[in-house]
Every structure is written in structure tokens, then in C-alpha cells.
2 protein chains.
Amino acid sequence: MNDGRPVAGPALEDVRRHVVETADDLYYARGIQAVGMDELRRASGLSLKRLYTLFPSKEQIVLAVLENRHELWTAGVTAKVGAAGSPTERLLAIYDYLADWFADDSFRGCGFINAFGELGAVSPAVADLAREHKADFQRYVAELVQAAGAPAELAPQLAILAEGAQTTAAIAGNADAAAHARRAAETLIRASS
Amino acid sequence: MNDGRPVAGPALEDVRRHVVETADDLYYARGIQAVGMDELRRASGLSLKRLYTLFPSKEQIVLAVLENRHELWTAGVTAKVGAAGSPTERLLAIYDYLADWFADDSFRGCGFINAFGELGAVSPAVADLAREHKADFQRYVAELVQAAGAPAELAPQLAILAEGAQTTAAIAGNADAAAHARRAAETLIRASS
DNA sequence: GAACCCGGAGAACGCACGTTCTCCGGCGAT
DNA sequence: ATCGCCGGAGAACGTGCGTTCTCCGGGTTC
């Protein structure tokens, strides 16, 4: 019986998620290359062998972390946008989401930009995931712009504001960038009608 | 005689500059941690011992590379801005400089953002240099905005556009971001008067 | 001409990484 | 009760890093 599966303990998917979340905390806070497998082992409470049965290599963990981050980002943005009223307010909700994010003590910039700068030239898979993440966001903004009845060229402009706010907030270390970007977006939206 | 200095060969400052430029090429193209001292030795044609008499550690080379990059950036931007006519055109010249830069095959994003993402959490000196670089740019934009007689809150908005254009161009891999940012800047400037 | 010494080259060192291997304890089946 | 086996733990391995050391050739000095 039991089909050869382990007797007790959390389901495999839960363990994988636990590893991904632990790895994300470490990688995001300190950089991917700065965190070794041994530290991930210690922080996750799993043995090295278990880690390597769950993931074939560190790079696969990194990719899983980025995919997880993409889902969290998408869920967060759409939630904030969904709570907004008018189409214009829905566009501006993006910057409110950024403001919330920047206020977090652990904020250290966009994980995809960081990963791209660190590994993009060395790992095509990481570069592709970053590209897809950004392209997905651009597409999402374009949908919101269209729903607001604004001209299509507004979308890349608003997306650029969001990107710029993230790096500015990360490096300057203050969250004002979200408010500045929001005001700029308001002006651009108003001027486009 | 000779004061104990080497007899011939290029001056010390020239050798240092050669090292910094070689290191910059490698670090920017592939990431800092991906390039070892041995590769820098080979690419620069110097011995390891010579490298370590010129610089006390790899981190100091990284810092020198970033300082050099800051000077190149400042010189490039001010040259482009200086060639522009009206105060408004001078503001927009920033995005023309970005467009030129993005068109370069070797463009791989802002070196400071990349270095910050890779080492910012682990090397305070790198983080500080990135902060200073960005703060310097913000100050410069603020001066241009003031010279154009535009309201001060325009400056951070234009700076955010420039930052966003850089990361968007780097990750998306196309240079359109400069043109989008420029058009957004035109709208913001027009709306501010 | 001989002693000295400075600087160049790259082999060597210690360390930390990603990955693999070996050992061991405990459960299930007979 | 005994055997077999699966999976956990972390020691061990090879590699590549940043840095240091040793050796050696040639130029300067008495």
C-alpha cells in the first residue's frame, strides 16, 4: 500500500513552495550569487539531498523563484487595480500598488531587474523570464489604457514611469518615487484625452 | 636619478585607466561576479601582481569602474544637452542621449542599476556610489528644469522617465523606450507651463 | 664586474561554491 | 524478529574564486 509515497509530512508541492519562498527571501535581500545552497539548506530546514530531489539545480530554483515573484506581482497589481473605480483610477492604482510596495522595509527594487543585471548576461533563462515579466506588464497596462479609451501610445509611457519609479525608489531608498510617478501619470492621462 | 620610478612604459595613470576600461567592458557585458581576476589579467595583459599593486582589491577596481562610468555618463549627457538650443530642448536632449546609448549593440542597461542589484546588498560602497550617481542625475535634471522656468516637481518626474527608459530598453531589448520617454517628457513639460 | 634590488609572471593557497556520495536510522513486509 | 529498502543528513569532491608567494631576469650602484 501507500504506493511507495512517504507516509506523513506535508505534500510535495507545499515543500517546494516553502523552498521557493525561503529562497526568494534570501535571494531578494542579498543577491542570488551571494546566497549559497548551504545557506538555503539551513534556512529552509531541508537537507541538501532533499533540495536536489525537489530541484535539479540552483538555476531551477532561481527560475522557480522568479516565476513565483511574477505571480505575486500580478496578483498584487490586479487586486489593487480591481479595487479601483473608474478606468482612469484603475490606471493610477498601479502607482498606489508601487507606493505600498516601496513602503515595505524589505523593498530592494524589482527582483527581475536585479536578477537580470546579475545573471541576465550569463543565464539566458533568467533573461527570458525577466523579459516575459516586463512584456506581460506592458500588455496589462495596454489593456487598462484601452479600457480607459486612451490612445495606445500612452501605455508604454505609463509602463516606463512604473519601471523608473521602481529603480528610483530602490536606489534612492525613498518611496516618493511612487507619488511622483503617479502625478506624472495623471498629467499624461489628462493630456491624452 | 629616476627617483626609483620605472624607466619606461606608460605613466601609472594610463595603466590604471587601461585596467579600468578593460574591467568595465568585461563587468558591464557579463556581470561583475562573473568576471574573475584571472580573466581581467588576461584581457588587460598585465600580471596579477601588477594589478594588485595598482589596486588593493577587486572591490576597489569595481569602484573605480563605477566612478569612471559616472564621468563618462556625465560628460555624454552634458555634451548632448549643451548642443541643444532652448531650455526645453535641453531637457529633451536627455532622452536623445538615451536613444543614442540604447542603439549601441553593447547596451545592457544602466551599469549602476546592474551593480546595485548584484552587489548593493553586499557592498555598501557600491550601493553608495549608485546612490550618488542617481542623486547627481536628479540634481542635474532639477537644474535644467529650473533653467527652463518649469515647476520643481517636474524634475523627479523627468528623471523617473529616464530611469524607466533605461531598464525598459535593457530588458525588452529595444530602443523604443527612449522615444516613448521623450514623448512623455514633452507632454509633461507642455502641461507644466 | 659583482652585489643588490625592484618589478614581472604565474604557480600556489585558502576558501566557498554547486553538486554528489556515503552512511545510517527507521519503517514495512515476511 | 529479521531483512530489505527508502530517505534524511551532512561529509566529501572538484572547481573556480580572490589574494599572496616564490622565483627569476635585468638594471642600477659602488
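Because the structure is a prediction, the values reported are computed rather than measured. Below, chains carry the letters A, B, ... as their sequence lines are ordered, and counting in each starts from 1.
Computed from coordinates, the A:Leu54 CG to C:dT19 P distance equals 14 Å when rounded to whole Å. The CD1-P distance, from B:Ile61 to D:dG18, rounds to 9 Å in whole Å. When the P atom of C:dG10 is taken as reference, atom CD of B:Glu39 falls 16 Å away, rounded to whole Å. Rounded to a whole Å, the CD atom of A:Gln33 is 11 Å from the C1' atom of C:dC17. Atom CD1 in B:Ile32 sits about 11 Å away from atom P in D:dG18, given to the nearest Å. For B:Asp38 and D:dT15, the CG to C1' distance is 13 Å, given to the nearest whole Å. Between the CE atom of A:Met37 and the P atom of D:dA9 there is a distance of 15 Å, given to the nearest Å. One interatomic measurement links the two molecules: CG of B:Leu51 to P of C:dA9, which rounds to 10 Å at whole-angstrom precision.
Using a cutoff of 4.0 Å between basic side-chain nitrogens and carboxylate oxygens, B:Arg30 and B:Glu39 are scored as salt-bridged. Residues B:Glu143 and B:Arg139 are not paired through a salt bridge, judged by the lack of any N-O separation under 4.0 Å between the basic side chain and the carboxylate.
Considering only side-chain N and O atoms, A:Arg41 lies under 4.0 angstrom from the phosphate OP1 or OP2 of D:dG10.
Toward the 5' end of DNA chain D, the nearer of the two residues B:Lys49 and B:Tyr52, judged by each one's closest nucleotide, is B:Tyr52. For B:Gly45 and A:Gly36, each mapped to the nucleotide of DNA chain C holding its nearest heavy atom, the one lying further toward the 5' end belongs to B:Gly45.
Contact record, B:Leu51 with B:Ser44: CD2-OG, 4.3 Å, taken as the closest heavy-atom pair. In terms of heavy-atom proximity, B:Ala115 sits nearest to B:Ile32 at CB-CD1, 4.0 Å.
For A:Leu48, whose side chain is taken as the heavy atoms from C-beta onward, the closest listed nucleotide among D:dT19, D:dA11, C:dG8 is D:dA11.
Within 4.0 Å of B:Ser57, counting heavy atoms only, lie sugar-phosphate atoms of the nucleic acid but no base atom.
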